[in-house]
Amino acid sequence: MMKAVSCAYVRASAQALSTSLRASGAAVNAIATREAHSDLQVPDFSPYRRDSVKDVRRRNESAEERKAFSYMLVGAGAVGGVYAAKGLVNTFLGSMSASADVLAMAKIEIKLADIAEGKSVTFKWRGKPLFIRHRTASEIETERGVPTSTLRDPETDDQRVIKPEWLVVIGVCTHLGCVPIANSGDFGGYYCPCHGSHYDASGRIRKGPAPLNLEVPTHEFPDEGTLIVG
Amino acid sequence: MKVIYNTLFKRTSAYAVAIMASAFFFERAIDVSSNTIYDTINKGKLWKDIKGKYE
């Protein structure tokens with residue numbers, strides 16, 4: 001069956017070739033010349049074909065089923081690939097985030113009832129000293145009365161504290177990183193012994209070489225008597 | 001088969017969505033089943049099995 005069809009095809013194409021050549025006025029000898037494409041015997045693949053496509057005149061009704069099978073295989077591979085890619089990306093992103101021991105040290109919770117009024121207590125937080133100062137009413141009054149135009153790093157007291165009684169600053173001098181001493185200096189706050197920087201009771205630089213105020217870390221008061229820094 | 005081909009595989013967009021959606025369920029199935037296999041093989045050695053002895 002296939003042989004007959006292919007022979008008919010070869011004959012028809014050879015004829016078409018010769019007519020086209022005649023039309024263009026070229027030599028009419030195409031059918032006599034034996035060439036690979038005009039002499040090709042299409043092999044018979046019918047032993048390898050499915051029953052549904054053996055008959056060439058029948059409509060091909062199984063194409064969708066066969067394609068569905070191929071796509072299903074490719075799709076199954078893609079699903080596995082997506083799963084593997086997700087795991088890979090997850091691992092890489094997970095390695096970028098902070099590890100559990102770092103996260104555990106990132107926050108510090110402080111019981112405020114232990115700090116008497118007028119005292120400054122030092123804690124260690126993220127490897128740095130942290131000053132918590134319970135300010136008296138007169139200190140708050142004084143710091144609020146300071147005009148910002150006289151300051152080197154102008155910040156009002158309200159910008160630096162959440163609750164006016166509690167000052168939370170990182171105890172690292174902004175000059176060269178020494179640890180200032182609490183309750184000393186000309187302004188009643190902190191004094192850095194290394195090069196003589198004076199900070200007031202709001203941690204602002206008032207005198208000496210330091211360029212900036214003491215840093216205020218992000219902190220919050222979740223309830224009365226507790227402070228969380230970090 | 002024909003219905004599956006025409007609804008899911010014919011359009012590349014639908015095909016991609018189908019792969020993503022089935023990857024979600026595939027991951028869940030793989031994770032649950034591999035955990036179950038691990039637990040059955042190591043039955044009696046895991047902390048959740050011997051926890052009762054130390055509490």
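Model, not experiment: these values are computed from the prediction. All chains are named by letter (A, B, ...) in the order of the sequence lines, taking the proteins before the strands, and each is independently numbered beginning at 1.
Neither the backbone nor the side chain of L8(B) comes within contact range of chain A; no heavy atoms are under 4.5 Å apart. At a 4.5 Å heavy-atom cutoff, F24(B) makes no contact with chain A through either its backbone or its side chain.
Because its NZ or CZ atom is both nearer than 6.0 Å to the ring centre of F221(A) and within 45° of the ring axis, K163(A) counts as a cation-pi partner of that residue. Y190(A) carries R133(A) over the face of its six-membered ring, with the cationic atom under 6.0 Å from the centre and within 45° of the normal.
As summarised for C178(A) and C194(A), their two SG atoms come within a distance smaller than 2.5 angstrom, satisfying the threshold.
The stretch residues 88-115 of chain A places none of its residues near chain B, where near means some heavy atom under 4.5 Å from a heavy atom of that chain. Against chain B, the residues from residues 66-86 of chain A that qualify, each with a non-hydrogen atom under 4.5 angstrom away, are K67(A), A68(A), F69(A), Y71(A), M72(A), V74(A), G75(A), A78(A), V79(A), G80(A), V82(A), Y83(A), K86(A) in number order.
Exactly one residue among P129(A), C192(A), P180(A) makes a side chain to side chain contact (heavy atoms under 4.5 Å, CB included) with V172(A). That residue is P129(A).
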Going through the checks in order, is the salt bridge (charged side-chain N to carboxylate O under 4.0 Å, His left out) test met by D39(B) and K45(B)? CA-CA 9 Å; D39(B) 287 353; K45(B) 300 180 203 163; over 6 Å; no
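Annotation: side chain of L227(A) is in contact with side chain of V168(A) (closest heavy-atom distance under 4.5 Å).
Crowding of F123(A) atom CZ: a count of heavy atoms from other residues, nucleotides or ligands under 6.0 Å exceeding 12. The 12-atom threshold is not exceeded at CD of E224(A), counting heavy atoms of other residues, nucleotides or ligands nearer than 6.0 Å.
Between the N213(A) side chain and the D153(A) main chain, a donor and an acceptor come within less than 3.5 Å of each other.
Remark: E165(A) does not engage R135(A) in a salt bridge, criterion side-chain N to carboxylate O under 4.0 Å.
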